There are 2 protein chains.
Amino acid sequence: MRMSELSRSAGMPVATVKYYLREGLLRAGIHLSATSASYDGTHLERLGLIRALVDGAGLSIAQVKRVTQTLDNPPDTWHDMLGTAQSVLCGPPDEDLETTSADALLQRLGWAVSERSPARADLARALERLDTGGISVRAQDLDGYAAAAQAAAVIDVTALPTDTPGAALRQAIVGTVLLDHVLIALRRLAQEDVSARTFARRQTSGAADSAKSDGGAHFAG
Amino acid sequence: MRMSELSRSAGMPVATVKYYLREGLLRAGIHLSATSASYDGTHLERLGLIRALVDGAGLSIAQVKRVTQTLDNPPDTWHDMLGTAQSVLCGPPDEDLETTSADALLQRLGWAVSERSPARADLARALERLDTGGISVRAQDLDGYAAAAQAAAVIDVTALPTDTPGAALRQAIVGTVLLDHVLIALRRLAQEDVSARTFARRQTSGAADSAKSDGGAHFAG
DNA sequence: ACAAGTGGAGAGTAACACTATCCAATGTCG
DNA sequence: CGACATTGGATAGTGTTACTCTCCACTTGT
């Protein structure tokens with residue numbers, strides 16, 4: 001397959017494919033001569049991955065580069081797999097970060113997470129932003145969110161392919177970041193469902209009797 | 001409070017505050033004369049919100065503008081509240097979008113969501129990207145993710161403040177988008193915990209016993 | 001022979017989120 | 001009263017990102 005066919009199959013301009021080659025996101029093709037190289041299905045697949053990560057997950061080119069470099073050079077242990085996935089996807093570590101509320105939550109949950117896990121910093125940052133954004137969340141609600149996150153994580157880990165490390169790493173990184181958005185969309189839709197059942201015809205003002213009293217009663221099943 | 005004090009309190013340059021004023025993210029202060037206006041705590045609070053949404057949630061200025069406009073002009077019903085929050089936070093509706101897999105999932109779940117809910121389009125897009133990214137997810141796993149998302153949504157809805165519509169709307173929009181990131185971080189941390197418990201010292205390859213051959217046997221629990 | 005395509009490199013572009021500069025009109029301090 | 005910093009307001013400039021375009025010498029297919 002030549003450049004023009006590759007770009008046509010992937011649905012993007014030749015210039016863009018060249019750009020990804022320059023940036024090291026895509027391996028060079030096999031050189032047949034000074035002015036022609038041959039690309040195969042793995043190149044096409046890689047372009048699909050780049051497109052999904054950039055357009056779908058909103059990753060920057062630099063992040064995608066880290067993902068692809070990791071995919072091409074996997075770590076040694078299964079546990080490092082997810083750790084690598086996270087170091088690629090999380091924000092940078094930050095020494096002067098207030099992590100007490102995050103630490104308190106994690107201790108309450110009893111989760112075995114490293115002291116300097118990048119996701120711990122992400123959690124601390126997210127909780128801090130809730131604060132600066134003027135949102136307060138009850139501890140018991142945080143615990144509830146954590147339980148939901150754990151339910152998702154159990155599925156993540158059990159669904160990791162076990163045939164090859166490469167497939168596992170790919171699933172760990174790509175599946176994690178793409179499923180983030182599936183989960184977010186599902187949360188929105190579940191909100192709509194729950195909201196519809198709870199206050200379908202309740203007004204924001206006027207005759208509204210306490211919505212609080214039966215707010216959660218319909219979800220026992 | 002004058003401009004310089006407002007910008008100092010919010011921890012951002014005067015030029016940036018002026019920019020937000022220009023873009024309509026921040027109400028103008030009360031004009032005391034042609035060259036001075038007075039700002040109050042609501043302006044400071046709004047700047048904190050903008051900062052949380054831009055830096056924390058990664059929203060664009062245009063999205064933040066839609067959020068603030070909605071906050072300043074709330075809808076009529078409680079149910080519209082979350083709908084409005086979603087139309088602000090979700091991607092655009094798309095007529096030519098393949099929604100069959102999303103529709104199938106939602107029908108299986110039996111959720112009461114509108115045919116043209118923007119979150120439905122988001123879900124369809126996210127599922128499509130899983131495909132172009134080369135990730136396949138079993139239907140039963142999707143159902144599991146949906147259950148986790150629903151658990152989060154129940155907390156979302158029951159935690160909505162019921163005192164004033166403004167507070168509810170603020171929580172619905174700001175809480176939803178900021179808690180997205182809390183949930184994502186919690187999912188990463190839960191992955192680390194689950195992974196640590198599952199394959200703490202198992203090798204992907206190398207001198208240890210062939211991880212390939214028995215790779216999948218340990219995940220039954 | 002010759003149009004079309006190739007790898008490669010560099011410059012150009014559009015969007016975005018600020019950031020800097022300028023201005024006339026104050027406020028404020030000695 | 002006058003020097004001087006600050007204000008609201010407008011306009012232009014900056015740095016980053018993710019492409020996109022142009023050019024080139026050189027094959028390749030017909």
Side-chain angles (χ1 to χ4, degrees), chain A residues 1-40 43-44 46-69 91-92 129 177, chain B residues 1-40 43-44 46-68 91-92 129 132 177:
Chain A
M1 190 190 310
R2 315 236 210 305
M3 170 66 79
S4 63
E5 187 181 352
L6 177 66
S7 83
R8 216 177 319 109
S9 303
M12 61 182 72
V14 171
T16 303
V17 178
K18 286 184 172 185
Y19 170 63
Y20 293 151
L21 280 169
R22 266 204 307 277
E23 294 299 313
L25 273 59
L26 184 67
R27 279 177 303 110
I30 297 162
H31 275 60
L32 302 175
S33 79
T35 66
S36 92
S38 155
Y39 305 91
D40 58 22
H43 292 92
L44 190 53
R46 175 59 58 90
L47 286 176
L49 175 61
I50 294 171
R51 212 90 295 280
L53 292 177
V54 169
D55 292 352
L59 297 195
S60 68
I61 296 297
Q63 282 175 305
V64 175
K65 184 174 182 178
R66 283 200 290 164
V67 168
T68 55
Q69 280 178 346
R129 267 144 197 169
V177 65
Chain B
M1 193 190 311
R2 315 244 202 298
M3 170 67 78
S4 63
E5 188 182 350
L6 177 66
S7 82
R8 217 177 319 112
S9 304
M12 61 183 72
V14 171
T16 304
V17 177
K18 284 183 171 185
Y19 170 63
Y20 292 152
L21 281 168
R22 266 202 310 280
E23 295 298 314
L25 273 58
L26 184 67
R27 279 179 303 110
I30 299 162
H31 275 60
L32 302 175
S33 78
T35 66
S36 92
S38 156
Y39 304 90
D40 59 23
H43 292 92
L44 191 53
R46 175 59 58 89
L47 287 176
L49 174 62
I50 294 170
R51 212 92 293 280
L53 293 177
V54 170
D55 291 352
L59 296 196
S60 69
I61 296 295
Q63 281 175 304
V64 175
K65 183 173 183 179
R66 283 200 290 165
V67 169
T68 55
R129 268 145 197 168
T132 67
V177 65

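Please read these numbers as outputs of a predicted model, since none were measured by experiment. Naming: A, B, ... by sequence-line order, numbering from 1 per chain. Just so it is clear, the values below take in all heavy atoms, side chains as well, and ignore hydrogens, waters and symmetry mates.
- A nucleotide of DNA chain D counts as in contact with chain A when one of its atoms lies under 4.0 Å from a heavy atom; the first and last such, 5' to 3', are D/dA18 to D/dG29.
- Computed from coordinates, the A/M3 CE to C/dA9 C1' distance equals 13 Å when rounded to whole Å.
- Looking at A/E23, its side chain never comes within 3.5 Å of a backbone N or O of A/Y20 through a donor-acceptor pair.
- When the C1' atom of C/dT6 is taken as reference, atom CG of A/L6 falls 13 Å away, rounded to whole Å.
- Scanning all heavy atoms of the two residues, the minimum distance from A/L44 to A/S9 falls at CD1-CB, 3.6 Å.
- Taken residue by residue, residues 15-27 of chain A places heavy atoms nearer than 4.0 Å to DNA chain D at A/A15, A/T16, A/Y19, A/Y20, A/R22.
- Nucleic acid contact class of B/R51 (heavy atoms, under 4.0 Å, all strands): sugar-phosphate only.
- For the residue pair B/R129 and A/A52, the shortest heavy atom distance occurs at O-CB, 3.6 Å.
- Considering CZ of A/R66 and OG of A/S60, their distance stands at 7.5 Å, rounded to 0.5 Å.
- A 6.0 Å sphere centred on CD1 of B/I30 holds no more than 12 heavy atoms belonging to other residues, nucleotides or ligands.
- What you find for A/T68 and A/R46 is that their closest heavy atoms are CB-NH1, 3.3 Å.
- For the atom pair CG (A/L47) and CG (A/L26), the distance works out to 5.0 Å, reported to the nearest 0.5 Å.
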Taking only Watson-Crick and G-U wobble pairs with both distances under 3.5 Å, what dot-bracket line describes DNA chain C, where [ ] shows pairs that cross earlier ones and | shows pairs with another strand?
||||||||||||||||||||||||||||||
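- When all heavy atoms of A/V14 and A/M3 are compared, the closest pair comes out as CG1-CG, 3.6 Å.
- The shortest non-hydrogen separation linking B/H43 to B/A28 is NE2-O, 3.5 Å.
- Residues of residues 57-68 of chain B that place a heavy atom closer than 4.0 Å to DNA chain D do not occur.
- The side chain to side chain donor-acceptor pair (under 3.5 Å) check on A/R27 picks up A/T42, with sequence neighbours excluded.
- Within 4.0 Å (heavy atoms only), B/V54 reaches sugar-phosphate atoms of the nucleic acid but no base atom.
- Here C/dG5 presents its C1' atom at 11 Å from CZ of A/R8, a figure rounded to the nearest Å.
- Across all their heavy atoms, A/S7 and A/P13 have their closest contact at CB-C, 4.1 Å.
- With rounding to the nearest 0.5 angstrom, the OG atom of A/S36 is 8.5 Å from the NE2 atom of A/H31.
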Mind listing the N/O atom pairs, protein and nucleotides 27-30 of chain C, below 3.5 Å?
residue : atom : partner : partner atom : Å
C/dG27  : OP1  : B/S33   : OG           : 2.8

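- When the shell of 6.0 Å around CZ of A/R2 is examined, it contains 12 or fewer heavy atoms from other residues, nucleotides or ligands.
- The NZ atom of B/K18 sits 11.0 Å away from the OG1 atom of B/T16 when rounded to the nearest 0.5 Å.
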